[in-house]
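This report concerns only the one structure given below.
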Amino acid sequence: MSFLSGLLVDPAPLLVAVPAASAVLLALMPSYRVGALVNVAACGLTFALALLLFGAPRIAGPFLIVDDLNIVFVVLNTFVAFTTAWFSAGYIAHELETGRLTPLNLRFYHAMYQVLLGAMTLALLSNNLGVMWVAIEVATLTTVLMVGLYRTEAAIEAAWKYFMLGSVGIALALFGTILVYMVAQPVVGEGADGMIWSVLMKHAHNFDPALLNVAFVFLLLGYGTKVGLAPLHAWLPDAHSEGPTPISAVLSGLLLNVALFAVLRFKSLLAAHPGTLAPGPLMMAMGLGSLLLAGFMLYRRRDIKRLFAYSSIEHMGIIAFAFGLGGPLANFAGLLHMTMHSLTKSAIFFAVGHACQVKGTQELAQIRGLTTSHPLLGWSLVAGVVAIAGLPPAGVFMSEFLVVTSAFGARPWLALILVLGLLIAFGALMVKLSAIAFGEPSPGTDPVKASFVPMGVHLALVFAAGLYLPPELVAWFRHVAAVLG
Amino acid sequence: MDRTLEIAHGTPLDAALSASLVFDVAHLFAGALVLISFLMLYQDRLYALLKVFALQAVVLSLSVGWQALAQDAPHLYVTAAIALVFKAVVIPLALARMVARLGIHRQVETVVSIGPTMLAGIALVALSLVVMLKATAAVGGAADALAREDLAFALSVVLLGLLMMVTRRNAVSQVIGFMSLENGLILAATGAKGMPLVVEISVAFSVLIALIVIGIFLFRIRERFDTVDVDALDRFRGGRA
């Protein structure tokens, strides 16, 4: 019993340990069928552990920290990782049948999936700047390997580009991290303390503001590259379109959030110091830039996964804008939008994965009339796209509405640009959707064999959230929004 | 410039002398790293570029070793050794073998010609000096002059590495640009006094991982193409862009 209560007290270390152990197990496991099941089970266990975090005490140890902010991210992350693993089990079986992947590829893929999950959870739970940086770097490297999994010319190009841009981003982030340590060192003393979040936050008001500003610029550019914000987004569409679809879902739904989480941590560090430059305008500018750029780019897409990759850039732009705006309402809206985007976008990628498999192509021109040939799949995709485009009653509508209203309250001119960007993206998605879902079906009418459950669960959650948010969740998000400042 | 450095033992005169020595030598190494970055910018042969990169790694390892001595931080010797073994010997040799075996063009192909690149490099160094010296002006305390100027040099090396990555077309020279950028990061990390060990090891570790990944990539690229010129990859973009 004492063992069990020990688990209940502190699930945080296990959240990192379970994926790490499963990665080793999966690497040793020759059967890909069992591997897929173990992958799902390990993700499910991690998600269950993440739920235990709600009851866990808020402690900041030398290695791990559990606070209200990262619990939101961890629970969302492990949930989407779990459903994606479920989707992936059916998806990759089909890839094996068509000969795009070998069983050895799959063994590697499953092990890497767990490494990625563990690294992301570690990045979220780490109380040390350096460890967080290492974890994000590991997550990047594993996704680079997975993007290159198919070994086609395009996949190699995408992985190379992602690797190069991601490395530059991660290098800039490390430079920023070193600068933060140099800022902290005169105040908190030499050694490990200068890299511990909880210590830094306590002493933030004594730091030198000028150097902290410079540090933040590097961190925003560095981690911003991984968020996919505007001038640094070039890797994102390639990486999403050339890798296996479950990885596209994980990239969009999870990894972007983890990088955003890093930016938010540093933003709250700056917010704790009155003398620093306001981090908001920088984030708002990058956010609006991403939104507009992605909105226009959506019109010219010919590849379905690329289309939704640009839509991810658009939404990360909206989220960065909301957090840049700051204040309880905008932060609340940002958190909600992030949650809704993760759920909706991964559901869309599940649908897209099935659609690409039945049609045997990613070309938009050859994926038509889905609602006629595959009613369930087609209508699910319609529901997903309607949700992501921000139509009521989906949860995305509510969060976008909140972002827009808080923007009109604080900065009316910027709100106009925001609305313009939203409308542009909306138009593009509707144009593309009508071609994909309706009209004469294109060839490829085999039924979908894989499970629709993950997609259904995500969409149900998104539409339910649009109609009714549990008061506990609202209170929680409100509290976190207040912490973010 | 305030040159008081903490020295644990010795008379005040000794301390002052050795403090000044510590400062000057550290300065020399950091400045040399920046100069070598410029040297890398105007190489037009891959083998020569590899040699210059190895030289930079040697100087980096001397610089880190000197910091280990001056800060009395023995764990930094590990970082110095890693720089010496991996970056100065193993990586250049491996890349040279790769260039020979894959029959890669030995010429460094540039996007912008060398002259404007050098000018841009000078501008970047000036920029990093202005930014870092100004931003760190208010940070008080001992040993700061050294840390501040180290930081300015480190940022210069980082930016020059970045410049090299964007102005080169061959995959190999981009990789070298990236590693030179990491040299700058290590210079900054070791210049920050008492920076926790985790970070140094992780930096070195990430270099190793980076090499493995890059190696895999280069070989994978070789499976399909006859060249590691990144431009060749662009052909396959088709209408996807």
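Chain letters run A, B, ... following the sequence lines, proteins first and then strands; every chain starts at 1. Just so you know, these numbers use all the heavy atoms, side chains as well, and skip hydrogens, waters and symmetry mates.
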Rounded to the nearest 0.5 Å, what separates atom OG in A:Ser167 from atom CE in B:Met165?
6.5 Å
Under 4.5 Å to a heavy atom of chain B? For A:Val214 that would be side chain
Under 4.5 Å from any heavy atom of chain B, what part of A:Leu179 do you find: side chain, backbone, both or neither?
side chain
Counting only heavy atoms not in A:Phe63 (residues, nucleotides, ligands), do more than 12 fall under 6.0 Å from its CZ?
no
State, to 0.1 Å, how close B:Leu185 and A:Ala171 come at their nearest heavy-atom pair, and which atoms those are.
CD2-O, 3.5 Å
Counting C-beta onward and ignoring hydrogens, is there a side-chain heavy-atom pair between A:Met182 and B:Asp150 closer than 4.5 Å?
no
Checking heavy atoms, do the side chain of A:Phe207, its backbone, both or neither come under 4.5 Å from chain B?
neither
d(A:Leu211 CG, B:Leu151 CG) to nearest 0.5 Å is 7.0 Å
Step by step, would you call A:Phe218 with B:Leu155 a side-chain contact (heavy atoms from CB on, under 4.5 Å)?
CA-CA 11 Å; A:Phe218 277 100; B:Leu155 181 58; 3.3 Å; yes
Non-hydrogen side-chain atoms of A:Leu174 and B:Glu182 separated by less than 4.5 Å:
no
Chain B contact via A:Tyr181 - side chain, backbone, both or neither, heavy atoms under 4.5 Å
side chain
